[in-house]
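Only one structure is covered here, and it is reproduced in the block below.
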There are 2 protein chains.
Amino acid sequence: MTTPADDPFMQIERAILQLGWLGQRQFMQLLAEERFDLTVPQYYTLLHLSYCSGMCKMSDLARATSQSAASLTGVVDRLLEKHLVERGRPDDDRRQVVVAATERGRILLTRIERARHEAMQTTLAHISPTELQELRRLLGAMLDAMGNALHQADRSAFPER
Amino acid sequence: MTTPADDPFMQIERAILQLGWLGQRQFMQLLAEERFDLTVPQYYTLLHLSYCSGMCKMSDLARATSQSAASLTGVVDRLLEKHLVERGRPDDDRRQVVVAATERGRILLTRIERARHEAMQTTLAHISPTELQELRRLLGAMLDAMGNALHQADRSAFPER
DNA sequence: TGTAAATATTTAATGCTATTAAGTATATCA
DNA sequence: TGATATACTTAATAGCATTAAATATTTACA
């Protein structure tokens with residue numbers, strides 16, 4: 001065996017997968033509540049749109065959210081029905097379709113963020129501020145390595161301080 | 001605003017969600033490769049069964065993998081078609097259904113674990129061993145707080161060392 | 001200029017999963 | 001024995017992932 005079961009790498013890998021699975025599942029149920037009524041792909045799509053100033057091309061949105069263009073069409077359809085996004089065709093290239101979050105969409109996002117924050121406090125409350133700082137840095141390093149910044153503002157996603 | 005956007009809590013929450021989303025998505029595509037041909041729920045179900053010695057009740061399996069009983073029935077159906085699990089009814093309570101991983105299922109799991117390991121090395125290679133140790137501990141603390149140990153052997157999931 | 005190729009997106013078809021409600025079989029309890 | 005509870009499956013609906021084909025528009029080239 002090159003990598004025994006108690007290899008620290010293995011443990012971290014399992015922990016990350018477990019965290020992803022559990023986190024997605026709990027978040028899915030939060031989003032499904034009547035006051036939000038979103039799916040996880042819908043949330044991520046809307047979230048990315050909130051980072052964009054102005055309109056965002058479907059193809060860019062698909063890449064940014066790691067979805068196929070075909071899936072994204074349906075997701076945006078449903079966001080449109082709920083009046084959380086707007087769709088349009090630019091005049092300079094009428095093949096493209098562009099999307100933007102509406103005010104209503106942005107408001108919903110902040111309500112979700114608040115609810116998620118409260119739900120997560122329970123989990124993070126057991127960890128000291130110093131450790132949280134360290135955790136933030138390490139998670140950021142991992143995300144960067146996975147080839148995806150957090151799209152927060154324009155600066156590099158996770159500066160050392 | 002009680003929690004400004006650059007609140008360290010918020011950043012960690014976003015990082016965890018992002019990690020979950022990206023991780024699940026990349027893992028989904030790895031599992032979909034012809035040599036594995038599994039979905040993420042199928043993988044997690046099989047993984048939990050591999051932790052169980054002997055047979056596992058459907059209701060226990062559903063709770064352990066955070067799935068509804070109704071969903072789990074279908075997932076197990078498909079694992080059964082691929083001969084990765086076995087199903088049976090115990091004599092002492094014939095309402096129950098119990099499931100166990102087959103040898104074939106366990107072999108597939110180790111092959112997947114190996115492939116995932118290689119894929120993740122790229123990401124974890126940028127982080128020093130000391131930091132990895134710290135990351136392991138922090139992730140473990142979070143998972144424990146989320147009410148789920150890693151089911152590794154019998155001992156508590158993430159001892160301090 | 002006119003036509004072929006490339007690009008951007010949608011549509012259609014299939015399969016899997018989540019959710020809810022209803023159904024079936026077995027066990028328990030009075 | 002008969003009502004109720006338990007364990008699970010089935011059925012119906014909706015959403016997403018994937019693939020291939022279809023549509024519309026732009027670009028390129030001859």
Side-chain angles (χ1 to χ4, degrees), chain A residues 20-34 36-46 48 55-82 84-85 87-99, chain B residues 20-34 36-46 48 55-82 84-85 87-99:
Chain A
W21 173 260
L22 273 183
Q24 293 283 100
R25 220 135 265 267
Q26 295 186 2
F27 193 41
M28 186 195 311
Q29 285 171 11
L30 178 69
L31 289 176
E33 288 179 17
E34 206 168 351
F36 301 136
D37 188 33
L38 283 185
T39 65
V40 177
Q42 284 167 25
Y43 170 81
Y44 271 97
T45 303
L46 187 54
H48 183 79
M55 310 294 268
C56 183
K57 279 175 55 183
M58 286 292 281
S59 45
D60 291 341
L61 190 55
R63 195 164 347 91
T65 58
S66 309
Q67 297 175 95
S68 71
S71 291
L72 186 59
T73 296
V75 171
V76 168
D77 281 347
R78 277 151 228 133
L79 289 174
L80 212 59
E81 284 169 13
K82 297 173 200 165
L84 301 172
V85 301
R87 194 148 53 176
R89 268 188 198 279
D91 279 331
D92 60 323
D93 187 342
R94 307 209 32 85
R95 292 169 304 182
Q96 294 180 9
V97 171
V98 291
V99 196
Chain B
W21 173 260
L22 274 182
Q24 293 282 100
R25 220 135 264 269
Q26 295 187 2
F27 193 41
M28 186 195 313
Q29 285 171 11
L30 178 68
L31 290 176
E33 287 179 18
E34 207 169 347
F36 301 137
D37 189 32
L38 282 184
T39 65
V40 176
Q42 285 166 23
Y43 170 81
Y44 271 96
T45 303
L46 187 55
H48 184 78
M55 309 295 268
C56 181
K57 280 174 53 183
M58 286 291 282
S59 45
D60 290 342
L61 189 55
R63 196 164 347 91
T65 58
S66 309
Q67 296 175 96
S68 70
S71 290
L72 186 59
T73 296
V75 171
V76 169
D77 281 348
R78 275 150 229 133
L79 289 174
L80 211 59
E81 284 169 13
K82 298 173 197 162
L84 301 171
V85 302
R87 194 148 51 176
R89 270 189 197 277
D91 280 330
D92 60 322
D93 187 342
R94 307 208 33 85
R95 292 169 304 180
Q96 294 181 10
V97 170
V98 291
V99 196

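Residue numbers begin at 1 in each chain, while the letters A, B, ... track the order of the sequences.
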To the nearest angstrom, how far is [X] atom [atom1] from [N] atom [atom2]?
{"X": "D92(B)", "N": "dT6(D)", "atom1": "CG", "atom2": "P", "result": "17 Å"}
{"X": "R89(B)", "N": "dA27(C)", "atom1": "CZ", "atom2": "C1'", "result": "13 Å"}
{"X": "L72(A)", "N": "dT11(C)", "atom1": "CG", "atom2": "C1'", "result": "15 Å"}
{"X": "M28(B)", "N": "dT19(D)", "atom1": "CE", "atom2": "P", "result": "12 Å"}
{"X": "E33(B)", "N": "dT18(D)", "atom1": "CD", "atom2": "P", "result": "12 Å"}
{"X": "L46(A)", "N": "dG15(D)", "atom1": "CG", "atom2": "C1'", "result": "17 Å"}
{"X": "R94(B)", "N": "dT28(C)", "atom1": "CZ", "atom2": "C1'", "result": "17 Å"}

For the residue pair L80(B) and R87(B), establish whether any side-chain heavy-atom pair is separated by less than 4.5 Å.
->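 Heavy-atom side-chain distance check passes, below 4.5 Å.
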Side-chain N or O of [X] less than 4.0 angstrom from OP1 or OP2 on [N]?
{"X": "R87(B)", "N": "dC8(D)", "answer": "no"}
{"X": "Q96(A)", "N": "dT26(D)", "answer": "no"}
{"X": "T39(B)", "N": "dT17(C)", "answer": "yes"}

Considering only side-chain heavy atoms of [X], which listed nucleotide, [options], is closest?
{"X": "Q42(A)", "options": "dG15(D), dA7(D), dC16(C)", "result": "dG15(D)"}
{"X": "D93(A)", "options": "dT25(D), dT9(D), dT11(C)", "result": "dT25(D)"}
{"X": "M58(A)", "options": "dT10(C), dT17(C), dT26(C)", "result": "dT10(C)"}

For the residue pair S66(A) and L22(B), what are the closest heavy atoms and their distance?
->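 In terms of heavy atoms, the two residues are closest at OG-CD2, 3.6 Å.
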Would you mind telling me which residue lines up with the more 5' stretch of DNA chain C, Q29(A) or D60(A), judged by nearest nucleotide?
->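 Taking each residue's closest nucleotide, the earlier one in sequence belongs to D60(A).
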If you find the nucleotide of DNA chain D closest to T73(B) and the one closest to A32(B), which residue's nucleotide is nearer the 5' end?
->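 Result: T73(B).
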Aromatic rings Y44(B) and F27(B): how do their planes relate, parallel, tilted or perpendicular, breaks at 30° and 60°?
->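 The rings of Y44(B) and F27(B) stand perpendicular, inter-plane angle above 60°.
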Any base atoms under 4.0 Å from [X], or only sugar-phosphate, or nothing? Heavy atoms, all strands.
{"X": "S71(A)", "result": "base"}
{"X": "S68(B)", "result": "base"}
{"X": "A70(B)", "result": "base"}
{"X": "R25(B)", "result": "sugar-phosphate"}

From V85(B), L79(B), T45(B), D60(B), residue fulfilling side-chain contact (heavy atoms from CB on, under 4.5 Å) relative to V99(B) =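 Between V99(B) and the candidates, side-chain contact (heavy atoms from CB on, under 4.5 Å) is satisfied uniquely by V85(B).
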Is it true that Y43(B) and F36(B) have ring centroids separated by less than 6.0 Å?
->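 No; F36(B) has its ring centre 6.0 Å or more from that of Y43(B).
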Going by modelled atom types, is there a donor-acceptor pair between the base of dT6(D) and the side chain of R95(B) at under 3.5 Å?
->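 Pair found.
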